[in-house]
Amino acid sequence: MMADNPEENIMDAEDNYKKIDAARSRYPYCIVWTPIPVLTWLFPFIGHMGIAMSSGVIRDFAGPYYVSEDDMAFGRPTKYLRLNPAKASSVQNSWDVAISSASEEYKHRMHNLFCDNCHSHVAMSLNMMQYERSSSWNMVKLAFNMFIFGKFVSVGAFLKTWLPFTVVITCIILLFVLI
């Protein structure tokens, strides 16, 4: 599974761990996630997803025929899921090559909220690199893993994700109680 101590084997050329730098939005070898206003307020497991290169630069399918680099469509990441690049088993499609190839493909695709979206872009990247020897990554599997195993960047990021949902649910409950 994706959650088993991925910090092992994530080394740069000097054998140092590649550090996450949330202040600069650098998440090497991570899948990142951020809430989508209104949609995430109603369904907190739905959000916008991207994948970071080994340098930490994030790529995300931000809209029709557009893959953003270093500027996520709905703001800075609030959650991340660190992966282990040693689990990318494709020789011809290393981590960065797979992400770049998937990004080039998605620059020629129409965005579809339900079928071909930011999660699909991340899934294609993982499929191309055969992450965990699998080529069956999809948006449902990724959403589940991010929701269950993703880590919040900060307390503020947690509040940005859950506070609107909590307010909406509280208002709905109060509305029904008062009626």
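Being a predicted model, the structure only gives us computed values, none of them experimental.
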Inter- and intrachain pairs under salt bridge (Lys or Arg N to Asp or Glu O under 4.0 Å), touching residues 25-36, at least two apart | Arg26-Asp70

For Thr34, side-chain hydrogen bond (donor to acceptor under 3.5 Å, both in side chains) partners two or more places apart = none

Tyr80 and Cys30 have their tightest heavy-atom pair at CD1-SG, 4.0 Å

Which pairs pass salt bridge (Lys or Arg N to Asp or Glu O under 4.0 Å) with one or both residues in residues 168-179, sequence neighbours excluded?
-> none

Residue pair Leu81 / Gly150: nearest heavy atoms and the distance that separates them | CD1-N, 4.1 Å

side-chain hydrogen bond (donor to acceptor under 3.5 Å, both in side chains) filter on Ser136, not counting sequence neighbours, yields Ser134

Hphob cluster co-occupancy, Val122 + Met124, side-chain heavy atoms under 4.5 angstrom = no

Selection residues 36-52 - residue pairs positive for salt bridge (Lys or Arg N to Asp or Glu O under 4.0 Å), sequence neighbours left out = none

Report the distance from atom CH2 of Trp33 to atom CG of Asn145, rounding to the nearest 0.5 Å.
-> 14.5 Å

From Ile31 atom CD1 to Arg82 atom CZ, the distance as rounded to the nearest 0.5 Å | 12.5 Å

To the nearest 0.5 Å, how far apart are OH in Tyr106 and OG in Ser125?
-> 8.5 Å

Rounded distance (nearest 0.5 Å) linking atom CE of Met49 with atom CZ of Phe74 = 13.5 Å

Using the test side-chain hydrogen bond (donor to acceptor under 3.5 Å, both in side chains), find all partners of Ser101 that sit at least two apart in sequence or belong to another chain.
-> none

Drop me the distance from Ile36's CD1 to Ile46's CD1, to the nearest 0.5 angstrom.
-> 8.0 Å

Would you kindly confirm whether Ile172 and Val167 end up in one hydrophobic cluster when ILVMFWY residues are joined by side chain heavy atoms under 4.5 Å apart?
-> no

Same hydrophobic cluster for Leu163 and Phe43, using side-chain heavy-atom links shorter than 4.5 Å among ILVMFWY?
-> no

Taking the inter-plane angle between the rings of Trp137 and Tyr131 on a 0 to 90° scale, is it parallel (under 30°), tilted (30 to 60°) or perpendicular (over 60°)?
-> tilted

Any side-chain heavy atom of Leu126 sitting closer than 4.5 Å to one from Ile51?
-> yes

Could you list the residues that satisfy side-chain contact (heavy atoms from CB on, under 4.5 Å) with Ala52, not counting sequence neighbours?
-> Tyr27, Ile58

Whichever hydrophobic residues join Tyr66 through chains of side-chain contacts under 4.5 Å = none

How are the rings of Trp162 and Phe165 set relative to one another: parallel (under 30°), tilted (30 to 60°) or perpendicular (over 60°)?
-> perpendicular

Begin from the C-alpha positions of Trp41 and Val38 and carry the test side chain to side chain contact (heavy atoms under 4.5 Å, CB included) through to its verdict.
-> CA-CA 5 Å; Trp41 301 352; Val38 182; 3.8 Å; yes

Should Tyr65 and Lys107 be marked as a side chain to side chain contact (heavy atoms under 4.5 Å, CB included) after you check the CA-CA gap, both sets of side-chain angles, and the distance that decides it?
-> CA-CA 4 Å; Tyr65 313 109; Lys107 287 178 183 178; 6.0 Å; no

Out of Cys115, Ser120, Cys118, which residue meets the side chain to side chain contact (heavy atoms under 4.5 Å, CB included) rule with Met139?
-> Ser120

Separation between CZ of Phe152 and OG1 of Thr78, rounded to the nearest 0.5 Å | 6.0 Å

Does any non-hydrogen side-chain atom of His111 lie less than 4.5 Å from one of Asn117?
-> yes

Return the minimal non-hydrogen interatomic distance between Arg76 and Ser25, and the atom names on each side.
-> CZ-OG, 3.4 Å

Salt bridge (Lys or Arg N to Asp or Glu O under 4.0 Å) pairs touching residues 109-119, sequence neighbours excluded, are Glu105-Arg109, Arg109-Asp116

Single-linkage hydrophobic cluster, 4.5 Å side-chain cutoff, Leu83 and Met128 together | no

Could you pull out all residues at least two apart from His119 that satisfy ring-ring contact (aromatic ring centres under 6.0 Å, His included)?
-> none

Could you tell me how the ring of Phe144 sits relative to the ring of Phe149: parallel (under 30°), tilted (30 to 60°) or perpendicular (over 60°)?
-> perpendicular

Minimum heavy-atom separation for Ser54 to Tyr29, with atom names?
-> CB-OH, 3.2 Å

Contacts of Ser103 that satisfy side-chain contact (heavy atoms from CB on, under 4.5 Å) - sequence neighbours left out = Arg59, Val67, Ile99, His121

Contacts of Leu159 that satisfy side-chain contact (heavy atoms from CB on, under 4.5 Å) - sequence neighbours left out = Val155

Is there a path of hydrophobic side-chain contacts, each under 4.5 Å between heavy atoms of I, L, V, M, F, W or Y residues, that connects Met146 with Phe61?
-> no

